[in-house]
Amino acid sequence: MGIAHSKMEVKTSLLDNMIGVGDMVLLEPLNEDSFIENLRKRFDHNEIYTYIGSVVISMNPYRSLSIFTPEKVEEYRNRNFYELSPHIYALADEAYRSLRDQDKDQCILITGESGAGKTEASKLVMSYVAAVCGRGQEVNKVKEQLLQSNPVLEAFGNAKTVRNDNSSRFGKYMDIEFDFKGDPLGGVISNYLLEKSRVCKQPRGERNFHIFYQLLSGASGDTLTKLKLDRDFSKYNYLSLDSATVNGLDDAASFRTVRNAMQIVGFMEDEVQLVLELVAAVLKLGNIEFKPESRVNGFDESRVKDKNDLKEMCELLGIEQSVLERAFSYRTVEAKMEKVSTTLNVAQAYYARDALAKNLYSRLFSWLVTRINESIKAQAKTRHKVMGVLDIYGFEIFEDNSFEQFIINYCNEKLQQIFIELTLREEQEEYVREGIEWTNIEYFNNAIICDLIENNQNGILAMLDEECLRPGTVTDDTFLDKLNTICAEHQHFESRLSKNSKFLTDHSLPHSCFRIQHYAGKVLYRVEGFVDKNNDLLYRDLSQAMYKATHSLMRQLFPEGNPAKVNLKRPLTAGFQFKASVGGLMRNLQTKNPNYIRCIKPNDKKAAHIFTDSLVCHQVRYLGLMENVRVRRAGYAFRQPYEPCLERYKMLCKQTWPHWRGPARDGVEVLLTDCSVPAEEFAYGRSKIFIRNPRTLFTLEERRRACLEDLATLIQKIYRGWKCRTHFLLLKKSQVVVAAWYRRYAQQKKYEKIKSATLVMQSFTRGWKARKILRQLKYEKRCKEAVTTIAAYWHGTQVRREYRKFFRANAGKKIYCFIIQRIMQKYFLGLKTTVPSMSPIDNTWSAQPYSFLEGAHTELRRIFHLWRCKKHRGQFTEEKKAVYEEKLEASEIFKNKKALYPSSVSQPFKGDYLEIHKNPKYQKLNSAVEEKVLLADVVNKINRANGKGSPRLFLLTKNNFVLADQKTGQVKASVPLPDLTSVSVSTQSDGFFALKLKEGSASAAKGDFLLNSEHLIEIITKLHRTWTTAADKDQINIDISDEFLVQFKQDKVCVKFIQGGPKNGTSAACKRKNNRLLEVSVPSSP
Ligand SMILES: Nc1ncnc2c1ncn2[C@@H]1O[C@H](COP(=O)(O)OP(=O)(O)O)[C@@H](O)[C@H]1O
Ligand SMILES: [Mg+2]
C-alpha cells in the first residue's frame, strides 16, 4: 500500500521548495559564513534539519514543532532519502529499510554537545521505527516496552544541568533487534558510566537525578510514610535547593509516568517498592552526620551525630544499626591473612558515607538497566538484525571540570574519531566502488587526542591507573606531576608546570589543573578527586554491612560484601572500565552501517528562535562539518543513482523524453551530452552519476523547472483534450444507447398498434364471416320452414279440396253467429257490473267494448237514463210535482233566453212572500181579493216621468193580478188576466218586466205597467201558468228582447237595456232619457 501510494504521487525532491539549500553539499560558494547563513536561514523557517550528504544536521528548536505528527511519519514512510525535505524521519526510514531489505545491521550515531537534542533525536528515531515496523499484539507489546524503557532510565539517569534541563548523565546504547520481516523482537540496552558524583553533590544551578524530586513530589503520603520520607526537599542534604524545581517540569506527573512505564516494562509491584526503598535509603544516608570524638591516642574518631536517620535507614533496609554504625567509625584492612582495624576520622566517615551513597545509586541504576534488558530481550533465539541507537552524554565544558567531564569528553572524542573514520572511509569506498578517481582531502583527525587519553603506555588514563595502583602516598598532585612530565610535549596537552615552558606564564591555567585541546575546544580539568574517583573506593566494611541487609535487592547490589567471596585483588579502576567499554562500543559500531545525526544547539539560553552565530560556528567547526562537506564534495558534490537522475531530468532531452528504452546510464549520458554539460563536470560511476559542481546541478534544476512549466501546459492541454474527448465519447455512447432504447420503444409501440389493429380487423372479419354464415343458416332455416309451411298449406288445400264435399256449406255463417252471440252475451252480462248509479245527473257510462256495438251502446245509455228519470219522477208527491212543473215551465220560458234564469234555478218558488192572511195590515186587501192568492210580493212600479220606482204590492190570483199600495194595502189596480196581452222582459239579468194590456179594456186606461221585481222568473212563470189556464190561450206571448215599447196613457215609451250598468251600482237602474226613451243600465253579470 505504502509503495503503491508513493508511486502514485508526483515525484518530489529535496530540491523542491528548498529554503537555502537542503543539502550543504550543494552550497555555493562553500565557506563558513555561507554555511552558517544557510543554517540560520533554514532555522528561521523552522527547517531544523539539513543534510550533508547522508548526514543529518539537527538544530535544537527548543520548542515543539508540528513536524513529528503521524501524518509526517506516513509522508516519509518508504520514500527515498532525497525525495522529501530533510528530516530525521528520512534518516530513520533509510536506516530501517536498508536493515529490513538489505539485511545490513545499522547504527545511528547521535552526537553533539549537551543540550543539543541528542536524546530527543534518539527518541524520535525510535518512535519512527516503532511506527513503521510491523503490527500485531505481540509486536506492539515489544514496541511499547522498548519505548517505555526511556522514561524509567531518564528518571534515574537524567538531571538538570546548566546546559540542559533534562541532561543525560549516562551514556546509552540501545540495540533494537528485528526479525527477517522487520518486526521488532526486543532490545538490549548498554549503559556507560553514570555520573554518580551528582548523587552527593551538585554544581550550582543543577539538580540531583530527577527520581529524588519525582519521588518526593509525586508519591502518595502513604508511600512516603512507608519509606520514612518527608515531602520537604530541604530536609535532605543531598538535594540542592537552589534549583529544586525546574520550569516546565512537573515532577509529580513525571513520577506517575515513571511508575506507569515501569509497570509496562514489566517491573513487579514489589520490585518497584524495593527500588524506591533504595532511593529513600540514599536520601537518608545523606542525612547521616558525624561528629569527632577524641580518643586516648590523641586521634579523633568519628561518631554518628544524630542516630535517628541512621536508625530509620537501617529499618528500611533491614540492616543491623550497630553494624552500620561501626562501619562508619572503623575500617578493616586485610592484607596477607591479616586483619587490621583502624578508626575513621570525621572526614573519612563522610567520604565513606558518600562513597556508599554513590555506589548504591550507580549500582541501582545498572541493576535497573539489567532488569529492563531482562524484560525487553528478544525471546526467540533466531538470527536477527540489529539497529543500534547511540545517545551518549554530549561534550561538556563546565567552569569546573572534573573526572566525569574528562570521561565524557573522551567518549565524545572517540565518537568523533569514529565519525571521521567512517565518513571518510565510506566516501572513499564509494568512489572505489563506483570506479571514480579519488583525490585525498585534508581534514583534522582527532586520533591524536584519543591517543593522548587512552594510550596504554603514556595515555592520561593509563597514568592515572598507575598512580592509583602505586604504593606510597598518592594524591591528585602527584598524578598531575606525572602528567606534567610525560605529556608535556603533546600538542594537545597544556599545563602550567609542564616541561613545556610555553604555559609558564599562562594565568588562565591554574596550578592544580591541566588542559586538553579537545576536538571541540579546550577544556580545563581540575585534578582534585581524579584519583579517588578513578579508584572508586568503597570500604569493605560498608559493602559487607550492605550485604548483611535483609533487603533482597541491596544484597544483590553488593555481592562483594559476601564474606565467603573475599577478593583481595584491587577492583578495576573506573577509568579502565570505561575505556574498555568504550572500546567495545567502538568495535561494535564499526561492524554496523553508520547513520549520523549531528546535533547543534543554536543558543546557550535553552530558548527558541535564538540563533547565536558564534556558538553555532564553534560547533560547526569542532564537529568538522565543513570538512565533512568538503570531503563530500572533494571529488563530486552531488551523486545520484542513474535511474532517479534520468527520471528527474529526462524532460530536458528529446531522446529521453518521455521514455528512455535502454540502460539508465546510457540515458543519462545522452541527456547530459544533449544538455551540453562540459565533460569535466561529471563522471560516470558504476551505478551513479557524479556531478562535480553544484552550479551544474542548479542549472539542470533551473532548466527542469522551466521545462516542467511547459510540460504542465502540455499535460493540461492533453488532459483537457482527453477529458473533452472522453466526455464526448461518453455522450456519443449514451446517445447510441438512448437511441437504441428509443427505437426499441418506438418499434414496440408500433408493433403493439399493428397488433391491436390486426386483432380488430381480424375480429371484424371473423364477425362478418360469422354473420354471413349465420345469415346463410337462418335463410336456410327459413327456407326449410317455408317449405314446410307451404307443404302444409298445400297439403291442407289438397286435403280440404278432397274433403270439402263432406262439410256443410254454411258452417262458417253459423260459427259467425255463434261467436257474435257469445260476444253480445258477454257484453250484456258485463253491463250489469258497469251500469252507473241511479242519479239522473250521473253522466258516467262505460266505454264501448266493440265498435260494431256503437249504436246499441249509445241507445242503451239513453234508455237507461230515461228509465232512471222515470224512476226518479215516480217518487215525487203532488206538491213537489207542481213545484217541478212550475220550474219546468220557467225553464221552457227562460232557459237560454234570459241571463237571469240560471240564478233562479236553485231558488224555490215560494209564492206568498208577504203572508198576507196572517198580516193584519193587509186584512182589508185580503178581503178585497176574494180569490185565493197565488203570489204576493213587493214590486217596484217604475215612474214614467223620472224612471224611479215606487213600491207596490203585487198579488196574483186565479183570474186577476192586483197592484196595491204597500203601506195601506189599498188596491190601486186589479187587472183580469184576459186583459193581459203580453209580457216583455230583457235578455239580461235585470228584474224589469212590462205587463201590456189589451187596448181598449178598462184596465188599460192608465196604460201598461213597467215593474221591477226580485222574483221576476217566479212572477212571470206563475203569471204565465195562471194566465194560460185563465185565458185559455195556447199561445202566451212572452216577449224577450232588450228593447220594447210600453204604452203609458197615450204615449208609447221605448225601454232600452244597456249592458254596462250604472256607476257603482249592483242592481239595474232606470233613467229617463227623453220623453220616449227609458234607459235601463244593467250591470254586466259576473
Ligand atoms: N526536536 C526537538 N523538538 C523540540 N524540542 C527539542 C528537540 N530536541 C531537543 N529539544 C529540547 O532541548 C532539550 C534538550 O534536548 P536533549 O535531547 O535532552 O539534549 P542532549 O541529549 O543532547 O543533551 C530538550 O529537553 C527539549 O526541550
Ligand atoms: Mg541527552
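Each residue takes its place number in the sequence, starting with 1. Read the numbers this way: they start at 1 and go in the same order the structure lists the ligands and their atoms.
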Between [X] and [Y], a side-chain donor and acceptor under 3.5 Å:
| X | Y | result |
| --- | --- | --- |
| Asn359 | Tyr361 | no |
| Lys172 | Asn150 | yes |
| Arg259 | Thr257 | no |
| Asp93 | Tyr128 | yes |
| Gln106 | Asn595 | yes |
| Asp391 | Thr119 | yes |

Give a yes/no verdict on whether any heavy atom in [X] is under 4.0 Å from an atom of ligand 1.
| X | answer |
| --- | --- |
| Gly112 | no |
| Cys599 | no |
| Lys123 | no |
| Asn166 | yes |

Polar atom proximity, [X] to ligand 1 (N or O, under 3.5 Å):
| X | answer |
| --- | --- |
| Lys118 | yes |
| Gly117 | yes |
| Ser64 | no |
| Gly115 | yes |
| Asn60 | yes |

TODO: Before giving the answer on ring pair (Phe, Tyr, Trp, His ring centres under 6.0 Å), spell out for Phe233 and Tyr213 the whole-Å C-alpha distance, their side-chain angles and the decisive distance to 0.1 Å.
DONE: CA-CA 8 Å; Phe233 297 156; Tyr213 304 93; 5.3 Å; yes
Open item on the list: Show the atoms of ligand 1 that are less than 4.0 angstrom away from any heavy atom in Ser114.
Closed with: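 Under 4.0 Å from Ser114, ligand 1 has these atoms: 23 (O).
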Task: the Mg ion (ligand 2) reached by Asn158 (N, O or S, under 2.8 Å) - done: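 So Asn158 does not count as coordinating the Mg ion (ligand 2).
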TODO: Check whether any N, O or S atom of Asn164 sits under 2.8 Å from the Mg ion (ligand 2).
DONE: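 No.
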Task: salt bridge (charged side-chain N to carboxylate O under 4.0 Å, His left out) between Lys533 and Glu528, intermediate numbers included - done: CA-CA 9 Å; Lys533 284 173 182 169; Glu528 188 190 324; over 6 Å; no
Open item on the list: Before you tell me yes or no, could you show the steps for Phe406 and Tyr525 under ring pair (Phe, Tyr, Trp, His ring centres under 6.0 Å), namely the whole-Å CA-CA distance, both residues' side-chain angles and the distance that decides it to 0.1 Å?
Closed with: CA-CA 7 Å; Phe406 178 71; Tyr525 297 101; 5.3 Å; yes
Open item on the list: Please tell me if atom 16 (P) of ligand 1 is touched by the protein, where touching means a protein heavy-atom distance below 4.0 Å.
Closed with: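 Yes, because at least one protein heavy atom sits under 4.0 Å from atom 16 (P) of ligand 1.
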Tell me: protein heavy atom nearest [atom], and distance?
| atom | answer |
| --- | --- |
| atom 4 (C) of ligand 1 | Arg63 O, 3.0 Å |
| atom 3 (N) of ligand 1 | Pro61 CG, 3.4 Å |
| atom 18 (O) of ligand 1 | Asn164 ND2, 2.9 Å |
| atom 21 (O) of ligand 1 | Thr119 OG1, 2.6 Å |
| atom 26 (C) of ligand 1 | Glu120 CG, 4.1 Å |
| atom 27 (O) of ligand 1 | Tyr62 CD2, 4.7 Å |

Open item on the list: Is there a side-chain contact between Val616 and Thr612 in this structure, where contact means two heavy atoms from C-beta onward sitting under 4.5 Å apart?
Closed with: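 No, too far: nothing below the 4.5 Å cut-off.
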TODO: Mind listing the closest non-hydrogen atom pair of Pro184 and Lys143 along with its distance?
DONE: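 That would be CG-CG, 3.8 Å.
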TODO: Let me see the working for Leu278 and Leu557 under side chain to side chain contact (heavy atoms under 4.5 Å, CB included), right down to the final yes or no.
DONE: CA-CA 10 Å; Leu278 290 192; Leu557 295 186; 3.4 Å; yes
TODO: May I ask you to say whether Asp251 pairs ionically with Arg207, meaning some side-chain N is under 4.0 Å from a carboxylate O?
DONE: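 Result for this pair is yes, salt bridge flagged.
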Task: Residue part near ligand 1, for Arg163, under 4.0 Å between non-hydrogen atoms - done: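 None of Arg163 does.
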Open item on the list: Heavy-atom distances under 4.0 Å decide this one: backbone, side chain, both or neither, for Glu113 against ligand 1?
Closed with: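 The answer is the backbone of Glu113.
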